[in-house]
Each structure stands twice: as C-alpha cells, then as structure tokens.
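Working notes, beginning with the structure itself.
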Amino acid sequence: SGINFDNYDDIPVEASGEEVPEPITEFTSPPLDELLLENIKLARFTKPTPVQKYSVPIVAKGRDLMACAQTGSGKTGGFLFPVLSESFSTGPSPIPESAKGSYMRKAFPTAVVLAPTRELATQIFDEAKKFTYRSWVRPTVVYGGADVGSQMRELDRGCDLLVATPGRLNDLLERGKISLAKVKYLVLDEADRMLDMGFEPQIRHIVEGCDMPGVENRQTLMFSATFPVDIQHLARDFLSDYIFLSVGRVGS
Ligand code: ADP
Ligand code: MG
C-alpha cells in the first residue's frame, strides 16, 4: 500500500480553481517555518510528496482546498505542514476576555482536524506530536469509546491543535469544554469515510459552530481518497473560492 516515493514525480496532478499557486519542489523556508523544517528533517522526510507540493502553497496563500489523493500519498503532511508553519510563526492567540474567570476551563483550539475513527485520529495526533516538537503548539486528541473525563483533563493541559472524531467533538462542545471561536483551520480528513460512516449531520453541526459570528478568516481543507457526488456537495457547501486538487487516479 501507499505510493512509491522514488518515482512519484511521474504522478499526474490536476489543480483547478482561480489563481492556483505554484507548487513547491523542496521543503524550504519560506513558505515553511524553520522549526518545522527541523522537525521534517528529524522525521527523515527528504522531499514533499505531490499532494504536499501543491497543498503547502495553497494553504499558505490562505485558500480553501479540496484534495483527492490515494491512501499513503502523504495527505497528513499536506495539511499539517502549512497549518503548523503558520501557527509557529504567528504564536498563540489570546484567550477571549469572556472566557476568563469561568468556573470551567475551556479549550480554544486554533486548528481542528476531524477524522472518522479513533485509529486515524491517533495516527494524525502522533504525526502532529512529531512535527510540533519544541514548538508552542500543543496537539490533543479526542475520540469516542474512551473515558471523556481523562480527555477533558488532557484538554485542560492546553489544546492548540485538536484532532477529533465528530461525535466526541460534539459531545465536548455540548459540555462547554471546547469552543470553536478561535478556529482558523478546519480540516476534514478522510471526508469520504466520514460520510460513509454517517457523520454528515455531526460534521455540519461542527462547521456551523465554526461559522458563528466573530470567527474571522477561517480556512477549510477537505481531504479524501475518492470524490463521489456527496463529497462534491459537501465541498460546495463548506468551501469558498477553493482549489480542487486531484493526485493520480481518483475514483468517484
Ligand atoms: P495518507 O494520509 O495520504 O494516507 P499519510 O500522510 O498517512 O498518507 O502518509 C503515508 C506514509 O508516508 C506515512 O508513513 C508518512 O509518514 C509517510 N510520508 C508522508 N510524507 C512523506 C514525505 N514527504 N517523505 C517521506 N515519507 C512521507
Ligand atoms: Mg490520511
């Protein structure tokens, strides 16, 4: 499984939308943050995969993205690298005045990544830990079928990048434990699988929560291995002025 990293330059890439930025060819600063480059080196990633070459400048330019690429093509780095680069260089955002003095500590993640299963959420979280090494960004993961109390205590220790399954995130939103008011990046990973698993209502609820008044300049990024019609509809509903990226042969 996965792609052959030796000859992936031959993989056809289609990028459409208004003013598609030039792809990067190497991991370099700019557009990537120096500390992130160090962590990429520690992970022994020597060059970006095709989806990463395109997604890094697209996200860095502030654009929404719908990216389709097969499993194993490096989609996790495709969203983590540009999101973390921006986060590292801008630093923490202040906690809103309204949240201060509250009896319960609330988490205000600036990036939220939705994934369909505990396993996938954990994989993304593990990658996020690697690439946030020695940075101020603290990743946290929450998923269903596990004790919510310990996840809430984990959130209390700080949560800048949240990886979550949709059901558990909604549960924690209802408990008032998480606020989406500071979300600058919302990522829907494995969007096709999330729809197959019936998460569409939960996802719509989360997207609406990110769209509340006072939330400015949120970017939404969708990643999927396939591009069936229900994903096309979701992209149309959730993304604005987005770039469509298709790497290799993508089924619909
Ligand atoms: P996808 O989400 O598209 O299925 P992943 O992001 O899980 O793919 O990446 C698949 C594998 O490739 C992982 O083991 C990951 O660590 C590795 N990988 C990703 N990007 C690179 C890269 N630029 N160089 C080397 N290995 C990479
Ligand atoms: Mg993936």
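For the numbers below, each heavy atom of this structure counts, side chains included, while hydrogens, waters and symmetry mates do not. Counting starts at 1 for both ligands and their atoms, following the listed order.
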**Request:** Could you give me the CA-CA distance, side-chain angles and deciding distance for V187 and Q219, then say whether side chain to side chain contact (heavy atoms under 4.5 Å, CB included) is met?
**Result:** CA-CA 8 Å; V187 182; Q219 269 174 266; over 6 Å; no
**Request:** Check ligand 1 against T71 and write out every atom of the ligand that is under 4.0 Å from a heavy-atom position of the residue.
**Result:** 4 (O)
**Request:** Looking only at distances, please establish whether an N/O atom of ligand 1 is found under 3.5 Å from an N/O atom of Q52.
**Result:** yes
**Request:** Determine whether any heavy atom of K47 lies closer than 4.0 Å to an atom of ligand 1.
**Result:** yes
**Item:** Passing candidate, side-chain contact (heavy atoms from CB on, under 4.5 Å) with V207, options L186, T220, L234, L180
**Value:** L186
**Request:** Indicate yes or no: does an N/O atom of K130 lie under 3.5 Å from an N/O atom of ligand 1?
**Result:** no
**Request:** Consider ligand 1: state whether an atom of it lies below 4.0 angstrom from any non-hydrogen atom of G72.
**Result:** yes
**Request:** Would you mind listing which atoms of ligand 1 come within a distance below 4.0 Å of any non-hydrogen atom of S73?
**Result:** 1 (P), 3 (O), 8 (O)
**Request:** Classify the contact between Q70 and ligand 1 as side chain, backbone, both or neither, using a heavy-atom distance cut-off of under 4.0 Å.
**Result:** backbone
**Item:** ring pair (Phe, Tyr, Trp, His ring centres under 6.0 Å) against F81, all qualifying residues, sequence neighbours excluded
**Value:** F27, F131
**Request:** From the options L36, D33, D160, L35, select the one residue that forms a side-chain contact (heavy atoms from CB on, under 4.5 Å) with S135.
**Result:** L35
**Item:** Whether T165 side chain and A115 backbone form a donor-acceptor pair below 3.5 Å
**Value:** no
**Message:** So that I can tick it off, tell me whether D171 and R175 are bridged by a salt bridge, with the cut-off set at under 4.0 angstrom between side-chain N and carboxylate O.
**Reply:** yes
**Request:** Select one of side chain, backbone, both or neither to describe which atoms of F27 lie under 4.0 Å from any atom of ligand 1, heavy atoms only.
**Result:** side chain
**Asked** Does an N or O from P48, backbone or side chain, lie closer than 3.5 Å to an N or O of ligand 1?
**Response** no
**Full working for side chain to side chain contact (heavy atoms under 4.5 Å, CB included) between T132 and L161** = CA-CA 10 Å; T132 55; L161 182 146; 5.6 Å; no
**Prompt:** Which ligand 1 atoms are under 4.0 Å away from a heavy-atom of T76?
**Reply:** 2 (O), 5 (P), 6 (O), 7 (O)
**R44 and ligand 1 - part of the residue with a heavy-atom distance under 4.0 Å** = neither
**Asked** Does a donor on one side chain sit under 3.5 Å from an acceptor on the other, for R44 and T46?
**Response** no
